[in-house]
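This report refers to the structure that appears directly beneath it.
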Amino acid sequence: LARLGAETLGFICSDDRLHSLTLKAGVMESIKTFCMSPDEDIRFWGVGMLLNLVITQEDARRAVEELNFAPCLIKLALADRGERASKMACKALAFIGFSSTAIEKQVQDMIILPMM
């Protein structure tokens, strides 16, 4: 049932015309829950929704900071290569990092510096 909900919300979030409405309805909390799910398919849908929204909506990028999404996204970005959501998490972090120095710093501290 959770997967059906994630897929349905994912299709809604794929329509640019509905982005503002979904953000006003509080979709970001649900997306964060999906991103932290133990089910890989639900994580995939969650990160896909997030990526769709942060590319077009400044409010979504702000919500990522306010809801402290970065640790969850970083964990997914560093996940096993078989994790389908991993590449999308990397894309979302890169995109958000351009407009958020706080997220950029978290990425540097949790990903880049440990590799050096």
Side-chain angles (χ1 to χ4, degrees):
L1 191 56
R3 189 175 300 161
L4 178 61
E7 290 175 5
T8 302
L9 192 54
F11 288 120
I12 292 169
C13 288
S14 69
D15 187 340
D16 295 357
R17 298 169 297 176
L18 299 176
H19 285 180
S20 294
L21 291 172
T22 56
L23 288 169
K24 287 177 187 171
V27 73
M28 295 299 284
E29 291 87 359
S30 296
I31 290 174
K32 185 174 182 184
T33 300
F34 292 147
C35 290
M36 296 186 309
S37 171
D39 184 297
E40 182 182 353
D41 288 334
I42 294 173
R43 287 192 304 271
F44 178 77
W45 279 98
V47 177
M49 285 183 258
L50 179 68
L51 183 58
N52 257 336
L53 291 171
V54 299
I55 287 173
T56 62
Q57 300 292 316
E58 179 64 33
D59 289 345
R61 293 188 290 274
R62 269 196 299 276
V64 167
E65 277 190 75
E66 292 168 6
L67 295 172
N68 196 27
F69 259 91
C72 172
L73 290 173
I74 289 169
K75 182 179 177 182
L76 286 170
L78 295 173
D80 179 46
R81 290 182 184 260
E83 173 80 40
R84 295 181 304 150
S86 181
K87 290 178 185 174
M88 283 193 294
C90 290
K91 290 176 187 177
L93 285 166
F95 194 88
I96 298 163
F98 287 121
S99 62
S100 168
T101 55
I103 301 290
E104 180 185 16
K105 180 162 177 21
Q106 288 183 54
V107 169
Q108 287 177 355
D109 291 347
M110 297 174 76
I111 297 177
I112 297 170
L113 292 177
M115 291 190 309
M116 298 178 103

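- Atoms OG1 and CG, from Thr56 and Leu51 in turn, are 10.0 Å apart once rounded to the nearest 0.5 Å.
- A 4.5 Å side-chain heavy-atom check between Asp41 and Arg84 finds at least one atom pair inside the cut-off.
- In the hydrophobic clustering of this structure, Leu9 groups with Trp45; members are Ile, Leu, Val, Met, Phe, Trp, Tyr whose side-chain heavy atoms approach within less than 4.5 Å, directly or through other members.
- Contact check for Phe69 versus Ile96: no side-chain heavy atoms found under the 4.5 Å cut-off.
- One finds no salt bridge joining Arg3 and Glu7 here, because no Lys/Arg side-chain nitrogen approaches an Asp/Glu carboxylate oxygen to under 4.0 Å.
- At most 12 heavy atoms of other shown residues, nucleotides or ligands fall within 6.0 angstrom of atom NZ in Lys75.
- The distance from the CG atom of Leu73 to the SG atom of Cys90 is 9.5 Å, given to the nearest 0.5 Å.
- Shown here for Ser14 and Asn52, the closest heavy-atom pair between the two residues is CA-ND2, 3.6 Å.
- Contact detail for Ala85 and Phe44: the closest heavy-atom pair is CB-CA, 3.9 Å.
- The heavy-atom pair separating Leu53 from Cys13 by the smallest distance is CD1-SG, 4.2 Å.
- Here the straight-line distance linking atom NZ of Lys91 with atom CG of Leu50 works out to 13.0 Å at 0.5 Å rounding.
- The two atoms that bring Met88 and Val47 nearest to each other are CB-CG1, 3.4 Å, heavy atoms only.
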Handout entry: Chi angles and distances behind the side-chain contact (heavy atoms from CB on, under 4.5 Å) call for Asn68, Lys32
Key = CA-CA 9 Å; Asn68 196 27; Lys32 185 174 182 184; 4.3 Å; yes

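- When atom types are taken as modelled, the side chain of Arg43 and the backbone of Phe34 share no donor-acceptor pair closer than 3.5 angstrom.
- Looking at Glu58 and Arg61, a side-chain N of the basic residue comes within less than 4.0 Å of a carboxylate O on the acidic one, giving a salt bridge.
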Between side-chain atoms of residues 20-29 and protein atoms elsewhere (two or more places apart, or another chain), which donor-acceptor pairs fall under 3.5 Å?
from, atom 1, to, atom 2, distance (Å)
Thr22, OG1, Leu18, O, 3.2
Thr22, OG1, His19, O, 2.8

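- Closest approach of Ile31 to Gly46, counting heavy atoms only: CG2-O, 3.3 Å.
- In this structure, CG in Leu76 is found 10.0 Å from CD in Glu40, a value given to the nearest 0.5 Å.
- Contact between Ala77 and Leu93 at its shortest, heavy atoms only, is CB-CD1, 4.0 Å.
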